[in-house]
Protein chains: 2
Amino acid sequence: MGTQDRLIEATRELLWERGYVGTSPKAIQQHAGAGQGSMYHHFTGKPDLALAAIGRTAEEMREAAGRVLDAPGSAYERISAYLLRERDVLRGCPVGRLTMDPEVIASDELRAPVDETIAWLRERLAAIVREGLDRGEFTPGITPDDLAATIVATVQGGYVLARASGSADAFDAGVRGLLALLGPPVEPVLHI
Amino acid sequence: MGTQDRLIEATRELLWERGYVGTSPKAIQQHAGAGQGSMYHHFTGKPDLALAAIGRTAEEMREAAGRVLDAPGSAYERISAYLLRERDVLRGCPVGRLTMDPEVIASDELRAPVDETIAWLRERLAAIVREGLDRGEFTPGITPDDLAATIVATVQGGYVLARASGSADAFDAGVRGLLALLGPPVEPVLHI
DNA sequence: GTCTATATTGCGATAGAC
DNA sequence: GTCTATCGCAATATAGAC
């Protein structure tokens, strides 16, 4: 891994842990084992470096979520797999946490990858809900876009509850509550 | 309003807007119209001031939520009123946003009021869900503590979606999705 | 209680040698 | 490409006059 990569990786870690306003160039350099000159050679400054880091994190998140959502199974099973997927709950979501950062929100450039990632996730889940509705898995009257927003919000809010209480239990409780409302999964009618 | 009060109010605003790591003593003094000496006379330093500010915000939030949750009506109606209560969606939750702050989470003193407020809210909602279950408003099999966590998570996560997209619509969508799963409210059996 | 002065450290970046 | 030197400014206080 080259110096440039190490700088990006260090920035990703620190943005996840401390956010944008809480992350200093010096801290990044120390984590990356790189000097000042090195950092300012590869990047124009902190915003440029953050943009590269956020972009990489967003891409990784889409890949990880995509793997779960693309797996075979009923709509309920795939949503359930997404909700129950392994997570570092107490660390929170490396993308979602950036929405609480005033400087990220103030910058269209930095906010864009955050917005796009969450929008992508909502659309992906809405499509799965639509499939489930077509197959009679969910009670009719459900609006796919709304339910998709609820699913993503439950996850993002679950991190808040977990970090407030200092325990991952709160996240799990929120997920169980949502799954209980969604299920138990109705056996689909077999079209033989 | 005395200088001490103005300092606390300024800190509350800035903590809400920028979080703990993003809020400097100098910014607090400027917002409060107070000098350095004044601030360090009334408070021992930034953590002390933040503690006073967070305490007041937490108290205010419990009062506001309590007013909605204590109103008369069915469990569904009270939960619905809580979810639909007026909010400054794009500003986020002044208590929940603190969970993303590394220095708040690292300090037991600063985290305590955050933890207690969210725990109080979850317990309050769980009690209402229990009432609703007793009256047959919800499908049996629902676990009150879990559903309470889902409700709070939907709100907290709704802020994340809204801030990511730059629009309150995402928050509303998440709430609609949850209400659709919870309802439509079944007419309770009348015990005449 | 509030003010100004001062101190130390870190932030965020530029310059120029190697 | 990486290093050290330097810069101007802000963070987070302390000291002591008024």
Side-chain angles (χ1 to χ4, degrees), chain A residues 1-56 97-98 100-111, chain B residues 1-56 97-98 100-111:
Chain A
M1 199 163 55
T3 302
Q4 192 169 355
D5 259 6
R6 287 206 318 282
L7 283 164
I8 293 179
E9 287 305 310
T11 306
R12 296 214 301 147
E13 286 299 312
L14 287 165
L15 284 182
W16 193 359
E17 178 98 9
R18 304 190 44 85
Y20 184 86
V21 298
T23 296
S24 71
K26 176 177 255 187
I28 292 169
Q29 293 150 27
Q30 286 170 341
H31 262 72
Q36 290 234 86
S38 196
M39 178 187 136
Y40 283 102
H41 171 74
H42 291 290
F43 301 93
T44 66
K46 181 177 161 180
D48 186 33
L49 190 39
L51 190 60
I54 294 173
R56 193 179 282 187
R97 79 105 57 230
L98 297 171
M100 292 304 140
D101 214 298
E103 317 228 333
V104 171
I105 292 303
S107 155
D108 284 342
E109 263 205 307
L110 292 179
R111 189 173 59 83
Chain B
M1 199 164 51
T3 303
Q4 192 169 354
D5 257 8
R6 287 206 319 281
L7 283 164
I8 293 180
E9 288 305 311
T11 306
R12 296 214 302 146
E13 285 299 312
L14 287 165
L15 285 182
W16 192 359
E17 179 99 9
R18 304 190 45 85
Y20 184 85
V21 298
T23 296
S24 71
K26 176 178 254 185
I28 293 170
Q29 292 150 27
Q30 286 170 342
H31 262 72
Q36 290 231 87
S38 197
M39 178 186 136
Y40 283 102
H41 170 75
H42 291 290
F43 301 94
T44 66
K46 181 176 160 179
D48 186 33
L49 190 40
L51 191 59
I54 294 174
R56 192 179 283 187
R97 78 105 57 231
L98 297 170
M100 292 303 142
D101 213 298
E103 318 228 333
V104 171
I105 292 304
S107 155
D108 284 343
E109 264 204 307
L110 292 179
R111 189 173 59 83

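Order of the sequence lines fixes the chain letters, A, B, ..., with proteins taken first and strands second; residue numbering starts at 1 for each chain.
- The distance between atom CZ of B/Phe43 and atom C1' of C/dT2, rounded to the nearest whole Å, is 15 Å.
- With a 4.5 Å cut-off on side-chain heavy atoms, B/Arg111 and B/Ser107 do not count as touching.
- Shown for residues 10-19 of chain B: no residue has heavy atoms falling under 4.0 angstrom of DNA chain D.
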Table of protein N/O atoms under 3.5 Å from nucleotides 13-18 of chain D N/O atoms:
unit_1, atom_1, unit_2, atom_2, d
D/dA13, OP2, B/Lys46, N, 3.3
D/dA13, O5', B/Tyr40, OH, 2.9
D/dA13, N7, B/Gln36, OE1, 3.4
D/dA13, N6, B/Gln36, NE2, 2.4

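- With rounding to whole Å, B/Gln29 atom CD is found 10 Å from C/dC3 atom P.
- Taking the side chain as every heavy atom from C-beta outward, B/Lys26 and B/Gln36 never approach each other to under 4.5 Å.
- Between A/Thr3 and the phosphate of D/dT2, there is a side-chain N or O to OP1/OP2 separation shorter than 4.0 Å.
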Original post:
Stepwise, does the salt bridge (charged side-chain N to carboxylate O under 4.0 Å, His left out) test hold for A/Glu9 with A/Arg6?
Top reply: CA-CA 5 Å; A/Glu9 287 305 310; A/Arg6 287 206 318 282; over 6 Å; no
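- Looking only at distances, a side-chain donor or acceptor of A/Thr23 sits under 3.5 Å from a matching main-chain atom of A/Leu14.
- Annotation: B/His31, atom NE2; neighbour count of heavy atoms from other residues, nucleotides and ligands within 6.0 Å does not exceed 12.
- D/dA11 atom C1' lies 9 Å from atom NZ of B/Lys26, rounded to whole Å.
- When the C1' atom of C/dG10 is taken as reference, atom CD1 of A/Ile28 falls 14 Å away, rounded to whole Å.
- At a threshold of 4.5 Å between non-hydrogen side-chain atoms, the residues B/Phe43 and B/Leu51 do not count as touching.
- Straight-line distance from the NE2 atom of A/His41 to the P atom of C/dT14: 15 Å, rounded to whole Å.
- For the pair B/Glu109 and B/Pro47, the minimum side-chain heavy-atom distance is 4.5 Å or more.
- Of the possible donor and acceptor atoms, none in the side chain of A/Asp5 sits under 3.5 Å from a partner among the backbone N and O of A/Met1.
- Note: CG (A/Leu7) to C1' (D/dG1) measures 12 Å, nearest angstrom.
- Separation of atoms CG (A/Asp101) and CZ (A/Arg18) is listed at 11.0 Å; rounding is to 0.5 Å.
- Under 4.0 angstrom from either OP1 or OP2 of D/dA10 there lies no side-chain N or O belonging to B/Ser24.
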